[in-house]
Structures are given as structure tokens and as C-alpha cells.
Amino acid sequence: MAHLPQSLYSAARPEFPYPGKSGQGTDRRRKLTCSRFPVIVRCASTESLTSLTQNAAEIELKYVVSQHGWGVRRLNRDDEEEIRRVSLVQAEAFHIPLTLFNDFFFMFFQAEVLSALLYKLKNSPPDRYACLVAEQPNEAETSSSSSVVGVVDITVQTDNSVLRHFPGVEEYLYVSGLAVSKAQRRKKMASTMLKACDVICYLWGFKLLALRAYEDDAAARNLYSNAGYSVIESDPPWKSTWIGRKRRVLMTKRFS
């Protein structure tokens with residue numbers, strides 16, 4: 001990947017895995033979310049997650065994280081324009097250009113991404129799935145249209161291929177769909193969105209985050225390593241023999 005394009009997003013092509021059984025394990029989670037926005041905390045790089053959430057129950061701000069000039073919040077489920085904007089950002093990040101009929105296939109691909117997003121928003125409890133979006137706060141206040149320029153999904157999962165590495169852990173949060181608009185890459189937006197995933201993980205009462213990246217994608221792996229993720233497993237060699245299938249690595253981050 002040249003500057004941050006597909007490599008950054010290899011951890012997460014848009015997917016819609018079933019978010020898990022509704023309400024499963026909710027008794028052990030901090031009830032700090034609502035249907036539209038979580039209880040929000042302001043994030044600074046020098047603060048611990050504990051200090052970030054000390055006053056979470058007392059104050060509700062707009063952003064989960066505000067850092068490096070970016071604000072990250074939950075997607076507004078009632079804003080159709082914003083939902084379409086999110087699908088466009090992800091489609092542009094993950095679409096593989098074609099020599100012929102590229103525009104047609106891009107429109108089809110965006111429709112597929114939009115359909116998956118709508119499915120997740122409709123069928124996922126608010127403490128099992130979150131679509132986080134990034135914007136520049138100043139522009140968001142003055143713009144009449146959606147100012148979203150980054151997006152990432154975070155979903156509760158129970159995949160045994162991940163949990164077998166962590167005895168005693170029953171569920172984890174899976175990070176996917178990480179995408180940044182082309183004009184805004186290399187500006188620490190991706191790092192800010194990963195920080196927001198950390199905060200959501202803490203607020204929901206989980207201790208494990210996981211994602212997948214392409215094995216040969218040094219830029220993406222470096223991004224995730226800097227965010228605290230470690231490689232614990234690679235795809236078996238036989239998977240890379242599939243036509244067009246790249247070998248991936250499983251990366252996880254665990255909180256004590």
C-alpha cells in the first residue's frame with residue numbers, strides 16, 4: 001500500500017457478522033450507552049482509560065474521543081444522509097478499481113456496503129455493535145451536510161478461533177471496516193479511531209480487542225502495533241493458495 005490506502009483498512013473490509021446473542025453478558029457491562037450516543041469521555045494521550053471514564057456517568061459530550069484535531073462519535077442512526085456518507089467512505093477505501101465498467105461496479109459495491117451497514121444498525125443491540133465515525137469538530141458545526149471522513153465498526157464476537165488463545169474469555173470486541181477518506185489520510189485519524197475503540201471496550205466492560213490485517217501489509221501492521229495490538233496467529237499456508245486471497249494475521253489487544 002502506498003500511503004495508507006488499502007493497507008490501513010486491511011484489518012477490516014466491511015462485514016456484517018452476527019453481533020452475538022442479544023443481551024448476552026450484559027449484566028457484567030457498564031450501562032453507559034444509549035441508542036444514539038454512548039456516554040462520552042474526552043480523550044488525551046497522557047490519560048489512562050480509568051481516568052478518562054471517572055466522570056462518564058456525570059457528563060455527556062458529543063465525542064467518544066477528541067484528539068489530533070479529530071472527533072470520534074457514534075453514527076447517528078436517524079440520519080440517512082450520514083449513513084450513506086459512511087457507506088461511501090468505506091466503499092471508496094475497499095473497492096478494487098477495474099479496467100472496464102468501474103463506475104458501475106463501484107455503485108454496486110457501495111450498495112452492498114450500505115445494505116450491510118443498515119442490517120447491522122437494525123439488528124444489533126446498542127451494546128453489541130457500534131459504528132464510530134470521525135470528523136473535524138469545527139467543520140461539523142458549520143456544515144449542513146454530513147462531515148464524516150472516517151469510520152470503523154466494533155462488534156461483540158465469540159469466534160473460537162480467537163477465544164482459544166485466551167482461556168476464560170467468553171467474548172471480545174472485533175474491529176473492522178476501518179476507513180479514512182483519501183484526502184484525510186496520514187493525519188492520525190486512524191489512530192484516533194482506534195483509541196475510540198479502546199474507550200468503547202472499556203465502557204462496555206470487555207478486556208479483549210481483535211482485528212485482522214494482511215500479513216504483507218507493513219504499514220497497517222505498524223499502525224496496529226503502535227496502538228497496542230500484537231500478532232498471535234497467521235492464516236494457514238493453504239489459505240493463501242486461493243485465487244486473490246491474501247494471507248492475514250490475527251492481532252489482539254488485551255486490557256488488564
Side-chain angles (χ1 to χ4, degrees), residues 1-17 63-65 68-77 79-121 129-140 143-155 174-197 211-214 216-224 227 244-246 248:
M1 146 171 180
H3 30 300
L4 254 211
Q6 314 277 61
S7 66
L8 178 85
Y9 322 108
S10 59
R13 287 185 61 87
E15 319 171 33
F16 52 103
Y63 296 113
V64 179
V65 167
H68 303 304
W70 303 109
V72 181
R73 59 175 172 78
R74 290 189 77 156
L75 168 70
N76 184 351
R77 295 182 179 222
D79 190 332
E80 293 183 5
E81 180 184 356
E82 184 163 282
I83 292 173
R84 290 185 180 279
R85 172 62 183 169
V86 166
S87 70
L88 177 61
V89 171
Q90 287 188 318
E92 288 178 341
F94 297 113
H95 175 66
I96 300 175
L98 300 174
T99 304
L100 299 175
F101 307 111
N102 183 65
D103 291 344
F104 171 80
F105 284 105
F106 176 79
M107 291 176 59
F108 181 83
F109 182 63
Q110 184 185 357
E112 184 181 21
V113 173
L114 176 61
S115 176
L117 176 60
L118 291 172
Y119 176 90
K120 289 181 288 188
L121 292 173
Y129 166 74
C131 179
L132 303 179
V133 298
E135 63 189 7
Q136 292 179 304
N138 292 337
E139 290 190 7
S143 176
S144 59
S145 59
S146 177
S147 57
V148 169
V149 287
V151 58
V152 63
D153 287 341
I154 186 165
T155 311
Y174 186 70
V175 178
S176 63
L178 179 61
V180 175
S181 295
K182 291 181 180 180
Q184 302 298 339
R185 292 172 186 170
R186 289 185 171 273
K187 297 181 181 179
K188 297 187 176 181
M189 188 196 304
S191 298
T192 303
M193 288 192 290
L194 290 174
K195 176 67 72 175
C197 291
L211 55 79
R212 286 185 169 84
Y214 290 125
D216 62 356
D217 195 335
R221 291 179 57 176
N222 184 59
L223 169 73
Y224 303 131
R245 178 68 181 266
K246 292 184 178 181
R248 301 178 303 171

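With sequence neighbours excluded, the residues that form a side chain to side chain contact (heavy atoms under 4.5 Å, CB included) with N102 are H95, P97, L98. When the side chain to side chain contact (heavy atoms under 4.5 Å, CB included) test is applied to L118, the partners found at least two apart in sequence or on another chain are I83, L114. Take D216 and apply the side chain to side chain donor-acceptor pair (under 3.5 Å) test, not counting sequence neighbours, and it matches no residue. The side chain to side chain contact (heavy atoms under 4.5 Å, CB included) search around A134 returns V72, M189, M193, not counting sequence neighbours. The side chain to side chain donor-acceptor pair (under 3.5 Å) check on Q136 picks up nothing, with sequence neighbours excluded.
Between A179 and F94, the closest heavy-atom pair is CB-CE1, 4.3 Å. The shortest non-hydrogen separation linking Y214 to R221 is O-CD, 3.6 Å. Closest non-hydrogen pair, P137 versus G71, comes out as CD-N, 3.8 Å. When all heavy atoms are compared, the tightest approach of V64 to A196 is CG1-O, 4.0 Å. Between R84 and Q110, the shortest heavy-atom distance links the atoms O-NE2, 3.9 Å. Minimum heavy-atom separation, C131 to V86: SG-CG1, 4.1 Å.
Note that NZ of K188 is 13.5 Å distant from CG of L194, once rounded to the nearest 0.5 Å.
The backbone N or O of G177 sits less than 3.5 Å from a side-chain atom of Q90, completing a donor-acceptor pair.
Under the 30°/60° scheme for interplanar angles, the aromatic rings of F108 and F104 are found to lie parallel.
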Worked check of side chain to side chain contact (heavy atoms under 4.5 Å, CB included) between K246 and D217: CA-CA 10 Å; K246 292 184 178 181; D217 195 335; over 6 Å; no

- request: Under the side chain to side chain contact (heavy atoms under 4.5 Å, CB included) rule, what do L132 and R73 come out as? Steps first, then yes or no, please.
  value: CA-CA 5 Å; L132 303 179; R73 59 175 172 78; over 6 Å; no

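For the pair F109 and I96, the minimum side-chain heavy-atom distance is 4.5 Å or more. Contact annotation: the side chain of R85 never approaches that of V133 to less than 4.5 Å [non-hydrogen atoms, C-beta and beyond]. Here the side chains of N76 and E81 are not in contact, with every heavy-atom distance at 4.5 Å or above. With contacts defined as side-chain heavy-atom distances shorter than 4.5 Å, the pair Y224/L178 qualifies. Looking only at side-chain heavy atoms (C-beta outward), Y129 and L121 come within less than 4.5 Å of each other. Looking at L211 and S176, their side chains never come closer than 4.5 Å, going by heavy atoms from C-beta outward.
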